[in-house]
Every structure is written in structure tokens, then in C-alpha cells.
Amino acid sequence: MASNVSELTTYKAYLQGEWKKSSSDETIAIQSPYLRKTIGYVQAVTQDEVDEAIKAAHKAQKSWAELSLSERGAYLDKWADELVNNSEDIATAIMQEVGKGFKDAKKEVVRTADLIRYTVQEALHMHGESLKGDGFPGGDQKKIGIVERAPLGVVLAISPFNYPVNLAASKVAPALMAGNGVIFKPATQGSISGIKMIQALDKTGLPKGLLSLTTGRGSVIGDYLVEHKGIDMISFTGGSGTGRHLSKQTAMIPLVLELGGKDPALVAEDADMDVAVKSIMNGAFSYSGQRCTAIKRVLVNEKVADELVARLKSEIEKLTVGSPEEDSTIVPLIDDKSADFVQGLIDDALNKKATLVTGNKRQDNLIYPTLLDQVTEDMDVAWIEPFGPVLPVIRVKSDEEAIELANRSEFGLQASIFSQDIDRALEVARQVEAGTVQINGRTERGPDHFPFLGVKASGMGVQGIHHSLLSMSRERVTVLNLK
């Protein structure tokens with residue numbers, strides 16, 4: 001399939017510690033969102049190869065779990081070093097494959113190395129505990145409970161396209177550090193970046209078989225992986241639809257889901273406008289809004305709405321639009337289908353009499369930043385996550401109305417609240433249904449050691465380095481009965 005384009009790399013899959021072609025003899029073409037052409041091919045791995053990879057991971061995991069934490073950590077520290085050494089190459093792959101600006105792509109790689117090193121240190125400092133039996137009424141003081149953490153077995157890590165290195169490593173690193181084997185399934189658009197990340201890990205001499213990277217068609221290996229009896233835990237980041245499907249398909253195994261969001265910015269009439277405008281701009285438009293934690297709607301008090309909209313308009317019109325090679329803020333969306341979806345939301349709002357403040361211009365899958373005012377509840381853009389550079393403004397009369405609209409969403413990932421009255425901001429924060437509420441700042445993941453979670457359709461379970469180590473291990477209790 002790739003013979004007539006010999007200058008393009010056909011990447012191999014990493015199966016049982018070896019880089020190899022799939023027995024399917026099939027590859028999947030990876031298209032660059034801004035070059036609009038194929039930039040490489042990845043393997044279409046088969047179900048038999050998945051079986052073999054999982055079997056090998058179970059076998060290798062047993063001796064891996066017997067290594068000391070320091071020994072496991074040494075591999076991960078070397079991995080972090082390799083990522084930094086190859087950061088230019090990996091960042092170029094991220095840029096070309098998912099259309100992220102080169103500077104941001106490089107930041108992602110360096111941040112990932114920091115995350116891996118912190119994961120090692122966190123695991124080294126997570127101590128077990130001992131409990132005395134007589135701590136409970138009627139308990140025997142000769143009973144001593146020793147509580148340690150044990151690995152779960154083999155973890156399935158499924159990562160998304162938008163942070164193809166960071167959100168992959170945030171699963172792989174704690175899984176390995178906790179003593180597990182790993183099957184890593186990157187998003188198809190994100191596979192080349194994921195492969196380059198694992199090439200760096202392979203250079204550390206990681207025991208063969210412990211980790212496999214399976215690229216392939218979701219229709220062939222997606223459900224097969226998820227329902228496989230050899231998988232002991234799944235960590236997934238992606239869309240809420242897939243997340244719901246996953247939670248139905250999996251039975252009796254731990255699941256951590258990081259899903260979509262419709263993160264609101266609640267702007268009170270006493271907000272510091274400079275802070276609100278800057279935070280909303282960064283939150284809504286960086287990487288064209290292709291972030292689960294992007295600000296996706298503004299609920300602003302009508303007393304300051306005119307000022308906020310005017311200031312947002314002038315900032316939006318200064319945004320750089322174009323190629324990620326020039327570090328533009330607004331870059332082409334991941335594919336044409338995504339651009340069609342965002343355009344559909346804009347069209348629906350305008351048909352229902354929203355005010356177009358600026359934007360609504362499109363070239364292929366590049367959508368110019370769009371600000372919509374006077375958005376009402378009957379418009380899809382008020383509720384649906386666009387994953388693109390469109391920001392709806394909904395005017396409200398009170399904090400209560402803003403909270404009610406914020407909470408009526410099926411999502412609950414994050415929210416931002418802008419007010420100079422800290423008591424008021426905290427009161428609103430307590431009532432907003434979201435995993436994290438930011439006061440006077442943009443919605444964003446991290447720092448990576450903070451707990452990160454969504455409620456409702458935004459997810460299940462908690463991430464963040466400490467919590468990921470907990471979710472990828474279990475408690476093992478040994479009771480000593482002394483004479």
C-alpha cells in the first residue's frame with residue numbers, strides 16, 4: 001500500500017517489545033490536518049496480535065512487579081531523559097499529526113518528562129500503613145493489619161488526539177510505576193506521536209513484553225481490547241459517547257474515564273474585566289478550542305455583557321490564524337468532519353437569531369474564531385461541546401440564573417468564576433456541579449499533581465499523578481495474628 005510513496009514512513013507497531021509489521025499486511029494512512037495530505041502510515045493490528053500482546057504483558061508483569069520501586073523508577077527516569085533529548089523530533093511529529101503549534105507541542109513533551117519524573121517520586125513516597133486490631137471496639141490488640149499497594153495486572157491505556165504524548169504518558173507512567181503491564185492504544189490521529197513516545201521508552205531497555213503499542217482500526221480492535229478478559233483496568237480519555245459505550249462494555253473491572261466538557265465561564269458584574277477577558281481568551285481559543293477543558297460558553301451578568309463582548313471581539317480579531325508551523329493560535333481543526341460539526345453549530349445559532357459578533361469564516365477545516373452573542377437556550381451551541389473555536393455568550397440577570405444554566409448541562413468537567421468578591425465566588429463555586437472550579441482563572445488541566453476529574457457525563461474516577469497511582473493499584477491487606 002505504501003510502495004508508491006516510499007518517501008513516507010510506514011511505522012511499525014510495538015508488540016511484545018519488538019517493532020514489527022502487523023500480520024494483517026494492512027496500514028492506516030495518517031493525514032495532517034493542515035498539510036491536508038498523508039504524512040505516514042501505521043499498522044492495522046489484528047485481534048490475534050492483541051491476544052499475544054496481552055499474554056506477553058501478563059507474563060512480563062509478574063517479574064516487573066517484583067522489582068523495587070527504585071528499580072522501576074530508574075527506567076521511567078531514563079524515559080523522561082530520552083523524551084527531552086528527542087523533544088524537537090517528537091514536537092515536530094505532534095505538530096504535523098494533530099496541527100498543534102510547534103512551541104506548544106514542545107512544551108507538551110517537556111511537561112510530559114516532568115510528569116514522568118514526578119510520578120516516580122510520588123510512588124516512592126506513597127507508604128503503606130499498619131493498623132492495630134484494638135483500634136475498633138472489641139478488637140484484638142494481637143491483630144495487626146499491614147496495608148500495602150499491589151498492581152492490578154495489565155492496564156489498557158487509551159489516549160486522545162489532542163495531547164497525544166502528555167495524556168498517554170499520564171496513563172502509562174503511573175501504570176508502570178504501580179507494577180502493571182500496559183497495552184497502549186493511541187488515538188489513530190495521534191499514533192505517530194504515540195509511537196515516537198514509545199520509541200523513547202524502548203531505548204531504556206524496558207523488559208520485553210511488558211508494554212505493547214497497538215495501532216489499528218477501532219472497528220477491529222477497539223471493542224475487542226475493551227472486552228478482553230486479560231485486561232484488568234482501563235484508563236480512557238476521549239468523547240463522552242465512547243465513554244458511555246465503554247462503561248457498558250466493561251464488567252467488573254476498574255475504569256477511569258476522562259470525557260468531554262461544556263465548561264462555563266460565569267462572569268459577575270463585579271469581575272475584574274482584564275482578568276476575565278484574558279482568561280476567557282486563553283481558555284476558549286488556545287489550540288482552536290480542541291481541549292476538553294476549554295471554556296465553551298460564557299454566562300455573563302447583563303450589566304457588564306456589552307463591555308465584555310466588545311472587549312472579547314477586539315481580542316479575538318487580534319488572534320493569529322493559520323498554520324501551526326507559524327505557531328498560530330487558531331489552526332485547522334483535526335479533520336473536515338470536526339469542522340463541519342462546528343460550522344453546523346454556528347449555522348444553527350445564527351438561524352435562531354444569535355448575534356454574530358465576529359468570525360463565521362471558513363477555509364476547508366480551518367474555522368476562524370467566532371463569537372456569538374444573545375445565545376439562547378434553544379440553540380445547540382448553548383449545550384453541545386463543539387471542540388472548535390466558537391464561543392457563545394449567554395446573558396443572565398443573576399448568579400442564581402448563571403448557576404442554574406451551568407448545572408443544566410449534561411457535562412461537569414470544570415467551570416471558571418470571575419468576581420472580585422471572594423466570598424461570593426466561593427459561594428457560587430460550591431453550587432456549580434463540576435470536578436474543578438477555577439476562581440479568577442481559565443479552565444485547564446493541572447498542575448499535573450492536582451486531582452483531575454469530571455462529574456456527570458464528563459467522567460468517572462480521578463486522575464492526577466497521586467490518584468492515577470491509586471486507581472492503577474489496589475490495597476493488599478495482610479493480617480498478623482500474634483501469639
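In this text the structure is predicted, and so the values were computed from the model without any measurement.
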Heavy-atom closest contact (Leu8 atom, Thr38 atom, distance): CD1-O, 3.6 Å

Lys NZ or Arg CZ of Lys100 over Tyr163 ring: under 6.0 Å, within 45°: yes

Contact check, side chains of Phe411 and Ser240, non-hydrogen atoms, under 4.5 Å: yes

Nearest-0.5 Å distance that lies between atom CE in Met281 and atom NZ in Lys318: 8.5 Å

Donor-acceptor under 3.5 Å (Gln43 side chain, Tyr11 main chain): yes

Which atom of Ala429 lies closest to which atom of Ile439, heavy atoms considered: CB-CD1, 4.3 Å

Distance-minimising heavy-atom pair for Ile192 and Ala93: CG2-CB, 4.3 Å

Contact check, side chains of Pro33 and Asn365, non-hydrogen atoms, under 4.5 Å: yes

Check: Asn162 and Leu167 side chains under 4.5 Å, non-hydrogen atoms: yes

Salt bridge present between Lys107 and Asp104 (N-O < 4.0 angstrom): yes

Lys/Arg-Asp/Glu bridge criterion (N-O < 4.0 Å) met for Asp81, Arg117: yes

Under 3.5 Å, side-chain donor or acceptor atoms of residues 451-461 against the rest of the protein: list the pairs with distances, not counting sequence neighbours.
residue: Lys456; atom: NZ; partner: Asn407; partner atom: O; Å: 2.8
residue: Lys456; atom: NZ; partner: Ser409; partner atom: O; Å: 2.8
residue: Lys456; atom: NZ; partner: Glu433; partner atom: OE1; Å: 2.9
residue: Ser458; atom: OG; partner: Gly260; partner atom: O; Å: 2.6
residue: Ser458; atom: OG; partner: Gly412; partner atom: N; Å: 2.9
residue: Ser458; atom: OG; partner: Leu413; partner atom: N; Å: 3.3

Min side-chain heavy-atom separation Val50-Tyr224 under 4.5 Å: yes

Nearest non-hydrogen partners of Asn301 and Ala268, listed with the distance: CB-C, 4.2 Å

Student check: side-chain heavy atoms of Phe184 and Thr214 closer than 4.5 Å: no

Parallel, tilted or perpendicular: ring planes of Tyr14 versus Trp19, cut at 30 and 60 degrees: tilted

Side-chain ion pair, Asp336 and Arg36, N-O less than 4.0 Å: yes

Glu325 vs Met95 side-chain heavy atoms within contact, under 4.5 Å: yes

Contacts of Gln463 that satisfy side chain to side chain donor-acceptor pair (under 3.5 Å) - sequence neighbours left out: Glu258

Asp306 with Arg395: basic N within carboxylate O range, under 4.0 Å: yes

Side chains of Val342 and Leu345 in contact at under 4.5 Å (non-hydrogen atoms): no

Interatomic spacing from CZ in Arg291 to CZ in Phe285 - rounded to 0.5 Å: 11.5 Å

Carboxylate-amine/guanidinium proximity below 4.0 Å for Asp270 and Arg424: yes

side-chain hydrogen bond (donor to acceptor under 3.5 Å, both in side chains) between Glu49 and Ser22, intermediate numbers included: CA-CA 8 Å; Glu49 286 165 331; Ser22 169; 2.8 Å; yes

Side chain proximity check, Glu108 to Arg111, heavy atoms < 4.5 angstrom: no

